[in-house]
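Structure, as structure tokens:
Excluded from the calculations below are hydrogen atoms, water molecules and symmetry mates; all remaining heavy atoms, backbone and side chain alike, are included. In what follows, every chain begins at residue 1, and chains take the letters A, B, ... in the order their sequences are listed.
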Amino acid sequence: MKADQIDDVVKLLREAYRGFVEPVVTQVAKDKDPYKVLISTILSLRTKDETTLRASIRLFDIADNIYKLNELNEDEIERLIYPVGFYKTKAKNLKKIARIIIENYGGKIPDDLDELLKLPNVGRKTANLVLAKGFGKPAICVDIHVHRISNRLGLVDTKTPEETEFALSKILPKKYWIEFNDLLVPFGQNICRPISPFCSKCIISKYCKRKGVNKSR
DNA sequence: AAAACGGGGGC
DNA sequence: GCCCCAGTTTT
């Protein structure tokens, strides 16, 4: 895809974005607090948005910073975040993260990819979202929506999200890195769904290489 | 590369 | 009942 076509895709997605509900992490962390971005992103993994939203609000009402989170025990965290996916594992890891951040990083969420990746339950998707949304640093956050849609557009031809991140870093202008994920997630949830995508309502279908796939409507 | 982790909600 | 969900970790 040519550079001017990528510009057009972003422009069209920005217009469509206004009609969508914001991604849940963006809603919860409007103040761009890296702590809230990190924690709510972890809560969101394999979890529906509405569940993530409720859990995040409950947790941040009690613990809106890393020190307060550290004061909670595992059972308390479990009860606050239930029923997000893997809530027991996440409660355990959130507790660990609080301790690590306080002991090793002076209570500050690190703004470095490799350091973030050392935290339990933090992979590339979460780490890059923290960098992009929490610190405003150029980072490409590839979740399943970005991965799927980038391939449908022919922007990349990849099997795994990690490959997609690498491929996008070569062709996507840096000025779009931070917002790319925010644009594609609601688009992927509402229009460019995994199965039965609404191709007839798609504002970027002219750039799509897989129009009509998977029982599209 | 593939399975496991895990509970709620949609159909 | 079966399948999906802003992935990560382990095998």
Rounded distance in Å - [atom1] ([X]) to [atom2] ([N]):
X	N	atom1	atom2	answer
A:L116	C:dT8	CG	P	12 Å
A:I81	B:dG7	CD1	P	12 Å
A:I195	B:dC11	CD1	P	11 Å
A:K125	C:dG7	NZ	P	6 Å
A:R124	C:dT9	CZ	C1'	15 Å
A:E165	C:dG7	CD	C1'	14 Å

Would you write out the dot-bracket form of DNA chain B, 5' to 3', with Watson-Crick and G-U pairs under 3.5 Å, [ ] for crossing pairs, | for pairs to other strands and . for unpaired bases? |||||.|||||
In plain terms, say whether [X] and [Y] are close enough for a salt bridge, that is, a side-chain N and a carboxylate O under 4.0 Å apart.
X	Y	result
A:K68	A:D64	yes
A:D8	A:K206	yes
A:R124	A:E165	yes
A:E115	A:K118	yes

Is the distance from OP1 or OP2 of C:dT8 to the nearest side-chain N or O of A:T126 less than 4.0 Å?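 Checking C:dT8 against A:T126, a side-chain N or O does come within under 4.0 Å of OP1 or OP2.
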A:D143 side, atom CG; A:T126 side, atom OG1 - distance, nearest 0.5 Å: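 Atom-to-atom, A:D143:CG and A:T126:OG1 are 10.0 Å apart.
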Given [options], identify the nucleotide with an atom nearest to the side chain of [X].
X	options	value
A:Y82	C:dA6, B:dG7, C:dC5	B:dG7
A:F86	B:dC5, C:dC5, C:dA6	B:dC5
A:K48	B:dG8, B:dG7, C:dG7	B:dG8
A:L45	C:dC5, B:dG7, C:dT8	C:dT8

Centre of A:F135's six-membered ring, under 6.0 Å away, within 45 degrees of the axis: is that where NZ or CZ of A:K137 sits?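 Output no; distance or angle outside limits.
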Toward the 5' end of DNA chain C, which comes first, A:V122 or A:V25, by nearest nucleotide?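 Looking at the nearest nucleotide for each, A:V25 comes out on the 5' side.
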Output every pair passing side chain to side chain donor-acceptor pair (under 3.5 Å) with a member in residues 23-36 of chain A, not counting sequence neighbours, ordered by first then second residue. A:E22-A:K30, A:T26-A:D182, A:D31-A:K36
Using atom P of each nucleotide, how far apart are B:dC11 and C:dA6 to the nearest Å?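 Each nucleotide's P atom is 15 Å from the other's.
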Rounded to whole angstrom, note down the C1' distance from C:dC5 over to B:dA1. 22 Å
When you match A:E163 and A:R46 each to their closest nucleotide on DNA chain B, which lands nearer the 5' end?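 Its nucleotide being nearer the 5' end, the pick is A:E163.
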